[in-house]
Amino acid sequence: MKQIELKNGFRTELSDDTMNNMELVDALAEAGGEDPMAVSKICKIILGEKKRKELYDAIRTEDGRVPVEAVSDAIKEIFEVFGDTGKK
């Protein structure tokens with residue numbers, strides 16, 4: 001299990017196998033094809049429903065919006081954590 005704390009303060013724990021998921025690869029391919037819905041799908045695959053809502057609540061603005069850019073940044077940070085595997 002990986003303990004993750006993002007710059008925005010969101011904390012979670014994810015399985016070491018989180019990124020070993022063909023559906024995630026498919027969603028990433030869709031994102032590369034300019035599919036705006038892919039960000040939501042990627043976030044759901046990585047975090048699951050409950051943790052995705054917790055992330056959204058952590059980055060929600062005062063007017064209640066969840067900025068797409070903030071979600072994308074959070075996903076990038078999570079990928080960076082997994083990318084560091086074996087480098088230490």
Side-chain angles (χ1 to χ4, degrees):
M1 296 296 274
K2 289 194 178 294
Q3 299 292 328
I4 296 174
E5 182 173 358
L6 304 180
K7 294 174 190 170
N8 63 24
F10 176 72
R11 294 179 187 191
T12 192
E13 182 177 82
L14 295 174
S15 167
D16 292 330
D17 292 333
T18 297
M19 300 299 171
N20 186 16
N21 183 337
M22 192 60 207
E23 291 177 331
L24 177 58
V25 173
D26 292 341
L28 290 167
E30 291 170 12
E34 305 297 324
D35 182 353
M37 301 297 287
V39 173
S40 176
K41 188 174 184 179
I42 290 166
C43 191
K44 183 178 176 183
I45 291 169
I46 292 173
L47 296 174
E49 289 278 346
K50 182 180 175 190
K51 290 179 186 177
R52 180 176 69 170
K53 180 173 180 349
E54 290 173 13
L55 171 65
Y56 286 4
D57 289 343
I59 60 179
R60 191 174 304 280
T61 62
E62 288 184 20
D63 64 357
R65 291 178 306 106
V66 179
V68 175
E69 186 175 344
V71 174
S72 294
D73 290 346
I75 292 169
K76 288 175 190 173
E77 279 188 70
I78 291 170
F79 273 96
E80 288 170 5
V81 168
F82 279 89
D84 288 340
T85 301
K87 292 183 181 178
K88 296 180 182 179

* Output the distance between atom CD (E5) and atom OG1 (T12), rounded to the nearest 0.5 Å. => 11.5 Å
* Structure fact -> Between A38 and A27 the two heavy atoms that sit nearest each other are CB-O, 3.6 Å
* Taking all heavy atoms of R65 and all of D63, pick out the closest pair and write down the distance. => NE-OD2, 3.1 Å
* Verify side chain to side chain contact (heavy atoms under 4.5 Å, CB included) between L55 and N8, making sure each step is shown before the conclusion. => CA-CA 9 Å; L55 171 65; N8 63 24; 4.0 Å; yes
* **Residues, nucleotides or ligands: over 12 heavy atoms within 6.0 Å of E69 CD** => no
* **Minimum heavy-atom distance Y56-C43, with the two atoms named** => CE1-SG, 4.2 Å
* Evaluate salt bridge (charged side-chain N to carboxylate O under 4.0 Å, His left out) for K41 paired with E30, printing each intermediate quantity in order. => CA-CA 10 Å; K41 188 174 184 179; E30 291 170 12; 3.7 Å; yes
* Counting distance only, does the side-chain N/O of T18 pair as donor-acceptor with the main-chain N or O of S15 below 3.5 Å? -> yes
* Whether over 12 other heavy atoms sit under 6.0 Å from M1 CE -> yes
* Structure fact -> For I46 and M19 the tightest heavy-atom approach is CD1-CE, 4.2 Å
* Asked: Is there side-chain contact between I4 and F82, with at least one heavy-atom pair below 4.5 Å?
  -> yes
* At what distance, to the nearest 0.5 angstrom, does CD1 of I42 lie from CG of D26? -> 10.5 Å
* Check for a donor-acceptor pair, side chain of E77 on one end and backbone N or O of K7 on the other, with a separation under 3.5 Å. => yes
* Check R52 against L47 and note the closest heavy-atom contact, atom names and distance. => N-CB, 3.8 Å
* Asked: Do you know the tightest heavy-atom contact between I75 and V39?
  -> CD1-O, 3.7 Å
* Would you call E54-K51 a salt bridge at under 4.0 Å N-O? -> no
* Are F10 and V68 linked, directly or through other ILVMFWY residues, by side chains that come within less than 4.5 angstrom of each other? -> no
* Asked: Residues sharing V25's hydrophobic cluster, by side-chain heavy-atom contacts under 4.5 Å among ILVMFWY, directly or via others?
  -> M22
